[in-house]
Amino acid sequence: MTVVRTRFAPSPTGYLHLGGARTALYSWAYARHFGGTFVLRIEDTDLERSTPEAVQAIIEGMNWLGLHHDEGPFYQMQRMDRYREVVGQMLEAGTAYLCYSSPEEVEAMRERMRAAGDKPRYDGTWRPEPGKTLPAVPEGRKPVVRFKNPLDGEVSWDDVVKGTITISNRELDDLVIARPDGTPTYNFCVAVDDWDMQITHVLRGDDHVNNTPRQINILRAIGAPLPLYGHLPMILGADGEKLSKRHGAVSVMDYPAKGYLPEAMLNYLARLGWSHGDDEVFSMEQFCAWFNTDHLTRSAAQFNNEKLAWLNNHYIKQADNARLASLARPLMEAQGAQFDGAPDLGAALGLMKERASTVNELAESAMLFFRTPQPDAALVAQHLTPAVKPALSQFAERLRTVEWSKEAVAPVIKEVLAAHGLKMPQLAMPLRLALTGQLQTPAIDAVIVLFSRETVLARLQNFL
Ligand code: GLU
């Protein structure tokens with residue numbers, strides 16, 4: 001059995017976007033499923049656009065998601081000697097050749113072909129063929145190296161997402177694999193890397209479909225085994241357009257900032273291009289156990305913020321309160337939350353998490369326990385009626401000695417209501433106002449014991 005080796009090969013020209021994260025997730029999960037190896041390769045040969053900050057941003061995004069690589073990161077810029085070596089070997093083997101046509105000449109030949117209604121391509125002036133005499137080498141001109149693409153036949157592969165794809169070799173040019181200064185070009189580097197890194201499965205965005213026949217021809221020419229390819233369809237916005245900033249955040253690291261949990265993001269991305277029956281909610285352990293290439297979706301997926309928010313709410317509800325507290329605390333500090341003598345933050349968040357779609361919403365909603373209550377005077381007048389006041393006083397009195405738990409406080413509320421002939425809201429509303437300044441809170445018994453006895457008594461005293 002082949003050992004599975006997958007790779008994620010981002011170009012570090014910006015942040016890790018959602019499409020890239022999904023590619024990384026699938027490649028990672030595929031390796032995990034088969035007990036294989038997941039390689040991280042940084043394709044940084046575009047010197048104009050690649051930055052170390054982008055490398056950091058990509059690694060940060062993958063760390064946040066927990067997509068840890070087993071090998072790498074390998075940097076293409078550190079592999080230049082290896083690419084030069086392979087170029088040399090190909091020249092020697094006759095699978096590549098020196099081409100002295102100037103850029104102007106190449107442009108002119110393309111122009112001629114366009115005018116004749118043909119697909120513009122290199123005309124093979126410098127391509128050696130048996131019995132052919134090559135032109136004289138122009139003085140002082142540095143050659144490029146071109147790949148000797150097969151002239152006839154076709155390239156075909158069984159794409160694990162899209163099915164069989166076949167491209168005629170006539171469609172493919174003799175690709176430049178090394179520039180006049182010797183630097184190798186994109187498709188060539190990818191082919192050499194996939195060979196050297198013994199990649200068995202290439203999952204990537206379908207914007208690379210056009211590169212695949214070129215890479216396959218190069219791999220064949222250098223005697224490398226072919227990986228299996230799977231080209232994942234694009235992620236679209238809800239309006240069916242290509243996902244862009246216009247649709248909201250496209251950078252993965254915007255999501256922790258907006259209060260999303262990584263497990264929600266992973267679960268969401270997993271379903272965005274793959275399915276397992278009707279399963280919508282699953283752990284990464286489950287996903288790795290299920291994930292293979294059988295159920296990848298052929299059509300483009302649409303990003304749906306509501307569904308992501310729904311999943312995030314699910315994982316917030318599952319999350320440990322102490323973990324939520326460490327995420328929410330800085331947000332609440334920034335909003336002026338007072339933590340001295342205040343309720344336990346984890347317990348407060350636990351009371352509020354049922355309805356929060358993001359940690360930011362959760363933090364916002366829990367602020368009511370961490371501010372000095374300032375109930376609106378009109379609301380106080382409305383709810384603290386003469387009929388209610390004595391009941392509230394009696395309740396405060398009972399709170400001095402009752403055991404400080406929800407289970408012990410709840411029956412006391414009932415007793416006081418019965419003794420004064422009141423209904424629950426008549427006592428609960430003024431209590432809410434007194435303790436939080438607001439009328440909407442979770443169940444009043446839970447809110448009472450969230451605070452310390454001293455705080456509750458002090459606030460009731462102020463209120464009455
Ligand atoms: N570096 C390419 C990109 O970021 C990916 C290349 C590949 O997966 O083969 O789009």
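Both counts, for ligands and for their atoms, begin at 1 and track the order of listing.
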So, E85 and R79, do they make that salt bridge, N to O below 4.0 Å? no
The complete set of ring-ring contact (aromatic ring centres under 6.0 Å, His included) pairs with one or both residues in residues 232-263, sequence neighbours excluded, reads Y255-Y260
Sorted by chain and residue number, the side chain to side chain contact (heavy atoms under 4.5 Å, CB included) partners of E154 (sequence neighbours excluded) come out as T166
**Item:** Over 12 foreign heavy atoms within 6.0 Å of NZ, K242
**Value:** no
Item to check | Short side-chain donor-acceptor distance under 3.5 Å, Y30 and N292 | outcome: no
Check ligand 1 for N or O atoms under 3.5 Å from a protein N or O and list each pair with its distance.
| from | atom 1 | to | atom 2 | distance (Å) |
| --- | --- | --- | --- | --- |
| ligand 1 | 1 (N) | A9 | O | 2.7 |
| ligand 1 | 1 (N) | S11 | OG | 2.8 |
| ligand 1 | 1 (N) | E43 | OE1 | 2.6 |
| ligand 1 | 4 (O) | S11 | N | 3.1 |
| ligand 1 | 4 (O) | S11 | OG | 3.3 |
| ligand 1 | 8 (O) | R7 | NH1 | 2.7 |
| ligand 1 | 9 (O) | R7 | NH1 | 3.4 |
| ligand 1 | 9 (O) | R7 | NH2 | 2.8 |
| ligand 1 | 9 (O) | R204 | NH1 | 2.7 |
| ligand 1 | 10 (O) | H208 | NE2 | 2.8 |

Across all chains, not counting sequence neighbours, the side chain to side chain donor-acceptor pair (under 3.5 Å) partners of K142 are none
